[in-house]
Number of protein chains: 2
Amino acid sequence: MDVKTVCLGMLTDGAASGYDLKKQFESTFGHFFSAGYGSIYPALSSLAADGLVDCEEIPQDGKPDRKLYRITEAGRGQLITALDKPDPSHKVRSEFLATMWFAHLMTGEQIRAVLSNRLEEIARYLEMFEQLEQEESADTPAGTRFVCGCGKTVMQALQDYIESHGHELTDDTNVRLSAAN
Amino acid sequence: MDVKTVCLGMLTDGAASGYDLKKQFESTFGHFFSAGYGSIYPALSSLAADGLVDCEEIPQDGKPDRKLYRITEAGRGQLITALDKPDPSHKVRSEFLATMWFAHLMTGEQIRAVLSNRLEEIARYLEMFEQLEQEESADTPAGTRFVCGCGKTVMQALQDYIESHGHELTDDTNVRLSAAN
DNA sequence: ACTCACATGTAAAGAGTTACATGATTTT
DNA sequence: AAAATCATGTAACTCTTTACATGTGAGT
């Protein structure tokens, strides 16, 4: 599943512009799938060229025309086909964990900085999840609840782990540093 | 931090070949940083060209010469510089979660297949973590323990969440399907 | 007989990120 | 006065993935 397919899926929620989709990539999708304008705009153009979405141009003054995209029947069919894969990937690419793997080559100060920055980002995500939960209503799709629930659970587990085991990294480094001096 | 830097870091553990590094990418690093031969071999060549690693060619019969790489002092310096970033990224790209977001467009059968495949992969990782824990000794670096601990904790949280909330996805779909028929 | 492990590498293709280019309106 | 929001898009660059290319030896 690429950016094109995710955009197509987002449009099942209603018509939207590339700018609108970007906001969704930053908020709700942010913790598991990111995309920038450089992927989104070409994706929408390509979907339109394939007849999977329709585009309505809405003139505006002072800004470029707003392009409102709507999924077509063909697009819906294509999306349902794309969703029919029994083993979708789930990939993590973490410079954070790679860095921590080599913690013995760092100073305690460096490690603490990395850890505290990570905790800050986790806290930002957790705040977002809590806000999303408050906005939830009876017609919030089960998929949305599930994915946000996964995100919240995983972030909390990570937060707990860093808070309870992070010190082991700096303790060890300090031992090594004092032994070396 | 790219594949080159991670390879450099792996070599602080002792000399290794590209083939050896690949095995480490598949096992211990597998859950947070992956790389194939197509990235590893060019990375090692490039590191050697920059004098960050030395290469010793060991003739073998029937197989290509084994190329044993060792990190140099320059390489160690470069690695320590690369590690000095206070905010390393931690990115997830999950087709799995994207698929589940759109669960209302899928059948209960499709959803159950996706969920059970995900649980199987999680179980494989958890088995690996347990085996690694048994192999741990007093001189296992703190970084290794920490990263594996993170992985195990997060995987368990995800497993628990899927097991306790997965049915909400299929329940909802069944309601929708029977309402539609 | 077949498959797995060992062992290296290249080349093309695919995908995404970053930087650039432009510019009005609203909020701080 | 500065920064953020709205709004679109391209082009170059970086990086990874996949497919190809080759071949032995050991285990099942």
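Just the heavy atoms: all of them, side chains too, but no hydrogens, waters or symmetry mates, feed the values below. Everything numeric in this text was worked out from a predicted model, so none of it was measured. Every chain is numbered from 1 and lettered A, B, ... according to where its sequence line falls, protein lines coming before strand lines.
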A side-chain contact here means heavy atoms from C-beta on lying under 4.5 Å apart; do [X] and [Y] qualify?
X: A:Ile122; Y: A:Gln156; result: no
X: B:Gln110; Y: B:Thr107; result: yes
X: A:Glu133; Y: A:Cys148; result: no

Inset, instruction - Return the orientation label for the A:Phe32 and B:Trp101 ring planes: parallel under 30°, perpendicular over 60°, tilted otherwise. - result: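 Because their plane-to-plane angle lies in the 30° to 60° range, the rings of A:Phe32 and B:Trp101 count as tilted.
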Legend entry - Plane angle bin for B:His104 and B:Phe102 - parallel if under 30°, tilted between 30 and 60°, otherwise perpendicular: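 Perpendicular: the ring planes of B:Phe102 and B:His104 meet at over 60°.
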Applying a 4.0 Å non-hydrogen cut-off, can you work out what [X] is touching in the nucleic acid: base, sugar-phosphate, or nothing?
X: B:Gly38; answer: base
X: B:Ser45; answer: nothing
X: A:Ser17; answer: sugar-phosphate

[atom1] of [X] versus [atom2] of [N]: gap in Å, rounded?
X: A:Lys22; N: C:dG16; atom1: NZ; atom2: P; value: 15 Å
X: B:Gln24; N: C:dA7; atom1: CD; atom2: P; value: 16 Å
X: A:Lys4; N: C:dG16; atom1: NZ; atom2: C1'; value: 14 Å

Greater than 12 external heavy atoms within 6.0 Å of [X]'s [atom1]:
X: B:Glu135; atom1: CD; result: yes
X: B:Gln131; atom1: CD; result: no
X: A:Lys85; atom1: NZ; result: no

Legend entry - Global bending angle along the helix from C:dA1-D:dT28 to C:dT28-D:dA1, which compares the axes of five pairs at either end, to 10 degrees: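 About 50° separates the two local helix axes.
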Legend entry - Under-4.0 Å side-chain N/O to phosphate OP1/OP2 contact, B:Gln60 with C:dC6: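 Checking C:dC6 against B:Gln60, no side-chain N or O comes under 4.0 Å of OP1 or OP2.
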Legend entry - ILVMFWY cluster, B:Met100 and A:Leu79 together (side-chain gap under 4.5 Å):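 Cluster IDs for B:Met100 and A:Leu79 match.
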Legend entry - 5' precedence on DNA chain D between A:Lys23 and B:Ala35 (nearest-nucleotide basis):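 The residue mapped nearer the 5' terminus is A:Lys23.
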Legend entry - Nucleotides bounding contact with chain A, strand DNA chain D, heavy-atom threshold 4.0 Å: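 Counting from the 5' end, contacts occupy D:dT5 to D:dT16.
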Inset, instruction - Return yes if a side-chain donor-acceptor contact under 3.5 Å exists between A:Thr81 and A:Asp84, otherwise no. - result: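 Not at all, the side chains of A:Thr81 and A:Asp84 share no donor-acceptor pair under 3.5 Å.
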Legend entry - Proximal nucleotide (of C:dT10, C:dT8, C:dG16) relative to the B:Lys67 side chain: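 Nearest to the side chain of B:Lys67 among the choices is C:dT8.
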Would you tabulate the pairs of protein nitrogen or oxygen atoms and nucleotide nitrogen or oxygen atoms of nucleotides 23-28 of chain C closer than 3.5 angstrom?
{"unit_1": "C:dA24", "atom_1": "O4'", "unit_2": "A:Gly62", "atom_2": "O", "d": "3.0"}

Inset, instruction - Check whether NZ of the Lys or CZ of the Arg B:Arg93 lies under 6.0 Å from the centre of the six-membered ring of A:Phe33 and within 45 degrees of that ring's axis. - result: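 Yes.
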